[in-house]
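Presented below is the structure to which this report refers.
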2 protein chains.
Amino acid sequence: MPHHALKLAPQDCGDCPIRHRAVCSRCDGPELARLEEMKYYRSFEAGQTIVWSGDRMDFVASVVSGIASLTQTMEDGRRQIVGLLLPSDFVGRPGRVATPFDVTATTDLVMCCFRRKPFEEMMAATPHVAQRLLEMTLDELDAAREWMLLLGRKTAREKIASLLTILARRDTGLKAKAAKGAISFDLPLTREEMADYLGLTLETVSRQMNALKRDGVVELGEKRRIVVPNFDRLAEETGDDADGGFLS
Amino acid sequence: MPHHALKLAPQDCGDCPIRHRAVCSRCDGPELARLEEMKYYRSFEAGQTIVWSGDRMDFVASVVSGIASLTQTMEDGRRQIVGLLLPSDFVGRPGRVATPFDVTATTDLVMCCFRRKPFEEMMAATPHVAQRLLEMTLDELDAAREWMLLLGRKTAREKIASLLTILARRDTGLKAKAAKGAISFDLPLTREEMADYLGLTLETVSRQMNALKRDGVVELGEKRRIVVPNFDRLAEETGDDADGGFLS
DNA sequence: CCATTGCCTTGATCAGGATCAAATGAAAGG
DNA sequence: CCTTTCATTTGATCCTGATCAAGGCAATGG
């Protein structure tokens, strides 16, 4: 009962990450070949909405490049980002037609898509795939629950530090134990988007970012460049216990 | 490609809800019969911890009666309940050995369990099951994300109203459009547990509960009895849009 | 019966983050 | 170059919910 849980870095995935993340790369049945044939790409500009909450979404997809976000809005305008989709992340709800959240392109975005119908047929014909998707969904659920702790109990400073930690890790190639040296990456979110993700206001985000800068935890370069001189120092600010790693 | 998404009320499930929620009741293969044979029950007293975060959990289970909760704790004691498990809910992570959260019995609790190994074997042999579990997990993910909006953006009063709405609906038999008349149910949580679920303090919960009472939205009876004279009135307090229903 | 314990309420005060408002800076376009 | 726009910073003030501290009330047990 192999689990095929290998999680390749995006650059290893060729032009279609879904084959590696959602569908095991080691099990090339005819169905997968068929799937390969029917994939297609869609590009979106920053700010564009991909699906509105409540609409039907007739495809599943995998983020190739850029960032998408799942957003929920209350009628008085309060917004909460409930999921960030980074390259290699999967979007879609096999077995579900309507989307409960807005899906929007936060940056310019390319996705690799499959129409839902044939994808579901393939799923039914290829048991591995449903299992793999189940595991991915369980991981997302874990991440969502971790975020609930952040939203419910962490201070503004801890929230910011947690977000930066996550982005730094993703950007630095998923290595938990990153290089001892300085890490740097480009922040892909505006202050407002960070605020909507963290349950804060943009002013508070700005202030806390500068507080972390004053305290030497991060350096804020030109053009949203973030430099983290000491990753462990940043990690301490998150309020999480030392390891913080995910388990299998 | 039937989806078997039927979601029976607990009382319809006989003695083992898992057959209906996790495993389609309409597809009785030999594997399911085998599963039926190997089910066993476990009881826990209120307050008892079922699994600690990080421990391996060697079974999957379904809540038969009582309430369990998934909890995350920071080392300084801040706690967040990240999931409430009501009767007929599924607990467990097929394909995952370690639990990332504490699972505790909030009230006296009975669960219907299956050892993980044979359950996973059955899953592999019965494709329906993986698909059904995937759908359940997607639903949980939706619920978690809805909760993220609550934690990040709602006021204390809206949080309380949202929780009461959910509990009332569950307790009144999952009917979205409940009877026009008064609804009443027993609150299964202490003020502290409500606080930990909502990201508040118990004092704030107490104050807002009494505020809702003063405003005639709910009545607080003896022994945690809640009476909701007008459900729509309560629903208005949640901040959600009118329908608020889940979609398929 | 009284003491204890657990749960809930209520009050007083505090503080973290929200809100309102303005200024700065950088990029884009005419 | 000047204007516009958008993102960000910074300041002043306010307010919601946290914190600290008692007190009430039932249930339980000696």
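Computation of the quantities below employed the complete heavy-atom set of this structure, encompassing side-chain atoms and omitting hydrogens, waters and symmetry-equivalent molecules.
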Legend entry - Check: B/Glu193 side chain, C/dC7 base, donor-acceptor under 3.5 Å: no
Inset, instruction - Measure distances between side-chain N and O atoms of A/Arg207 and base N and O atoms of D/dG11, and say whether any donor-acceptor pair falls under 3.5 Å. - result: yes
Legend entry - Shortest non-hydrogen contact between A/Met209 and A/Leu220, atoms and distance: CE-CD2, 3.9 Å
Which nucleotide, [options], lies nearest any side-chain atom of [X]?
X	options	value
A/Arg224	D/dG11, D/dG17, D/dT8	D/dT8
A/Thr201	C/dA21, C/dA18, C/dT10	C/dA18
A/Leu200	D/dA21, C/dC8, C/dA18	C/dA18
B/Ala156	C/dT9, D/dG17, D/dT10	D/dG17

Would you kindly give the [atom1]-to-[atom2] distance between [X] and [N], to the nearest whole Å?
X	N	atom1	atom2	value
A/Leu189	D/dC6	CG	P	19 Å
B/Asp196	D/dA18	CG	C1'	14 Å
A/Glu192	D/dC6	CD	P	12 Å
A/Leu220	D/dT10	CG	P	10 Å
B/Lys223	D/dT28	NZ	C1'	13 Å
A/Met194	C/dA18	CE	P	13 Å
B/Glu203	D/dT16	CD	C1'	14 Å
A/Lys213	D/dT9	NZ	P	8 Å

Under 4.0 Å between any heavy atoms, over every strand shown, what does [X] touch: base, sugar-phosphate, or nothing? Just pick one.
X	answer
B/Leu202	nothing
A/Thr190	sugar-phosphate
B/Gly199	sugar-phosphate

Legend entry - Member of A/Asp196, A/Thr73, A/Asp76 meeting the side chain to side chain donor-acceptor pair (under 3.5 Å) criterion with B/Arg153: A/Asp196
Salt bridge [X]-[Y], side-chain N to carboxylate O under 4.0 Å:
X	Y	result
A/Arg93	B/Asp139	no
B/Asp102	B/Arg79	no
A/Arg207	A/Glu203	no

Legend entry - Residue mapping more 5' on DNA chain D - nearest nucleotide basis, A/Met209 or B/Arg157: A/Met209
Inset, instruction - Using only side-chain N and O atoms of B/Thr204, determine if any of them is under 4.0 Å from OP1 or OP2 of D/dA18. - result: yes
Inset, instruction - Indicate whether OP1 or OP2 belonging to C/dG6 is found under 4.0 Å from a side-chain N or O atom of B/Arg191. - result: no
